> 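Once you've had a glance at the structure underneath, I'll fire off some questions.
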Amino acid sequence: MLITHEKWPRTAQDAEAEQERLAGSVDVSTPLAPFRYIAGLDVAYAIDSSRVAGAVVVLDADTLAVEDMATAVMDVEFPYVSGLLAFREMPALITALGRLSVDPDVLVCDGYGIAHPRRFGLACHLGVLAGKPAMGVAKTAFVGQAAEPGIQRGEAADLVHGGEVVGAVLRTQLSTKPVFVSPGHLITASDATRLALRLATKYRLPETTRLADQLSRRALAGA
DNA sequence: GCGACAG
DNA sequence: ATCTTGTCGC
């Protein structure tokens with residue numbers, strides 16, 4: 001899967017302008033069509049944040065068996081700025097995606113989609129550049145408000161921001177802390193929430209992000 | 001003006 | 001994000 005990203009911003013000002021420019025092409029009203037391969041993406045940082053390892057795992061949508069995986073270790077060039085996470089993590093993720101043999105149909109990212117200050121989180125950015133469905137699953141709150149979902153697995157509450165439903169706070173396992181799901185591109189909030197739940201078969205986080213997390217740490221350690 | 005702030 | 005094993009609790 002090839003993604004080109006030229007004129008990558010180097011300053012926060014340029015990065016924000018880029019997000020506002022690309023936010024217009026986000027589509028979160030198209031239902032997710034049947035698909036075969038689902039990708040999980042995550043990154044790990046060196047203790048001094050000088051290097052980053054991006055990892056992507058591709059699973060069979062039905063069996064969740066691992067079909068392919070790829071990593072990319074590189075120097076970190078963009079600082080961590082809340083709301084601009086994509087500019088820090090995407091170079092490594094895009095490079096890893098380019099090393100895959102199996103082309104994924106849906107991208108499940110570690111972070112947010114439209115539940116973002118400018119409606120353009122990491123999942124939106126990757127989805128738009130790839131031209132594929134993408135969604136985000138985050139572990140902690142960012143923007144928006146939501147009621148506390150029930151303690152049963154599968155219970156969820158709308159995540160509202162700026163008067164709009166931008167995702168959901170979803171309980172993936174009984175009595176565990178809920179996760180924050182938001183659509184990124186070519187998927188609806190409800191479809192993203194359903195998929196997140198289906199992927200969280202045994203743990204709080206979806207298998208996609210769990211596997212990508214482990215892979216990224218291994219890549220960083222062995223590089 | 002004072003906090004909060006994905007990873 | 002990252003430093004970190006076993007351990008207490010549901």
Side-chain angles (χ1 to χ4, degrees), chain A residues 9 12 15-16 18-19 22-23 26 28 40-56 71-94 96 107-128 134-146 150-153 159-162 166-185 189 192-193 196 202-206 208-223:
Chain A
E16 288 190 18
E18 178 74 340
Q19 291 184 324
L22 293 174
V26 168
V28 289
L41 305 86
D42 193 21
V43 304
Y45 293 92
I47 185 170
D48 63 355
S49 295
S50 62
R51 289 195 309 166
V52 62
V56 51
T71 63
V73 179
M74 47 182 63
D75 291 331
V76 175
E77 19 53 76
F78 205 91
Y80 171 72
V81 179
S82 180
L84 299 179
L85 182 65
F87 298 95
R88 186 174 169 78
E89 309 196 332
M90 280 181 66
L93 293 175
I94 288 175
L107 309 178
V108 178
C109 311
D110 187 35
Y112 283 85
I114 63 170
H116 177 279
R118 287 168 293 282
R119 294 285 186 278
F120 200 70
L122 171 65
C124 298
H125 209 146
L126 271 174
V128 168
M135 58 176 274
V137 177
K139 299 176 287 296
T140 62
F142 186 26
V143 300
Q145 296 296 313
I151 66 170
Q152 296 297 318
R153 164 182 159 80
L159 181 58
V160 181
H161 181 240
V166 293
V169 175
L170 170 70
R171 190 89 62 183
T172 55
Q173 296 296 338
L174 177 64
S175 299
T176 59
K177 190 194 309 182
V179 297
F180 301 77
V181 182
S182 57
H185 189 48
T193 302
K202 183 174 169 51
Y203 300 97
R204 177 194 175 219
L205 296 178
T208 37
T209 57
R210 286 188 63 252
L211 294 171
D213 175 78
Q214 297 175 355
L215 181 58
S216 66
R217 298 192 192 203
R218 278 183 291 162
L220 192 62

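Quick caveat: nothing in here was measured; it's all calculated off a predicted structure.
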> Applying a 4.0 Å non-hydrogen cut-off, can you work out what A:I47 is touching in the nucleic acid: base, sugar-phosphate, or nothing?
sugar-phosphate

> In whole Å, I'd like the distance from the NZ atom of A:K139 to the P atom of C:dA1.
5 Å

> Centroid distance below 5.5 Å plus an interplanar angle below 30 degrees: do A:F142 and B:dA6 meet both conditions?
yes

> Taking for each residue the nucleotide of DNA chain C bearing the nearest heavy atom, is the 5' side occupied by A:S175 or by A:A46?
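The 5'-side residue here is A:A46.
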
> Could you grab the distance from atom CG of A:L122 to atom NE2 of A:H125, nearest 0.5 Å is fine?
9.0 Å

> If I take atom CG in residue A:L220 and atom P in nucleotide C:dT2, what distance separates them, rounded to the nearest angstrom?
8 Å

> Can you see if the side chain of A:S82 gets near the phosphate of B:dG7 - specifically, an N or O under 4.0 Å from OP1 or OP2?
no

> Rounded off to whole Å, could you give me the CG-to-P distance for the A:L85 and C:dA1 pair?
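Atom-to-atom, A:L85 to C:dA1, this comes out as 10 Å.
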
> Going by centres under 5.5 angstrom and planes under 30 degrees, do the aromatic ring of A:Y80 and the base ring of C:dA1 stack?
no

> Distance check needed: B:dC5 C1' versus A:L84 CG, whole Å only.
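Rounded to the whole Å, the gap is 11 Å.
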
> In whole angstrom, what separates A:L122's CG from B:dA6's C1'?
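The answer, rounded to whole Å, is 9 Å.
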
> Across the strands shown, which category fits A:D110 at heavy-atom distances under 4.0 angstrom: base, sugar-phosphate, nothing?
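Sugar-phosphate, backbone atoms only, no base.
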
> Nearest to the A:R217 side chain among B:dA6, C:dT2, B:dG7, which nucleotide is it?
C:dT2

> For A:K177 and B:dA6, what is the distance between atoms NZ and P respectively, to the nearest whole Å?
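Computing the A:K177:NZ to B:dA6:P distance gives 13 Å.
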
> Take atom OH of A:Y45 and atom P of B:dG7, then tell me their distance rounded to the nearest Å.
10 Å

> Classify A:G83 by what it touches in the nucleic acid, base, sugar-phosphate, or nothing, heavy-atom distance under 4.0 Å.
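Base contact.
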
> Between A:D42 and A:R217, is there a salt bridge with N-O shorter than 4.0 Å?
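Result for this pair is no, no salt bridge flagged.
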
> If you look at every strand shown and take non-hydrogen atoms under 4.0 Å, does A:A115 touch a base, only sugar-phosphate, or nothing?
nothing

> On the 0 to 90° scale, with breaks at 30° and 60°, tag the A:F78-A:F87 ring pair as parallel, tilted or perpendicular.
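Taking A:F87 first and then A:F78, their aromatic rings sit tilted (interplane angle of 30° to 60°).
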
> From the options A:L126, A:V108, A:D110, A:T209, select the one residue that forms a side-chain contact (heavy atoms from CB on, under 4.5 Å) with A:L41.
A:L126

> What is the distance, to the nearest angstrom, from the CZ atom on A:F180 to the C1' atom on B:dA4?
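Whole-Å distance recorded here is 14 Å.
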
> Should the heavy atoms of other residues, nucleotides or ligands under 6.0 Å from CD of A:Q214 be counted, would the total exceed 12?
yes

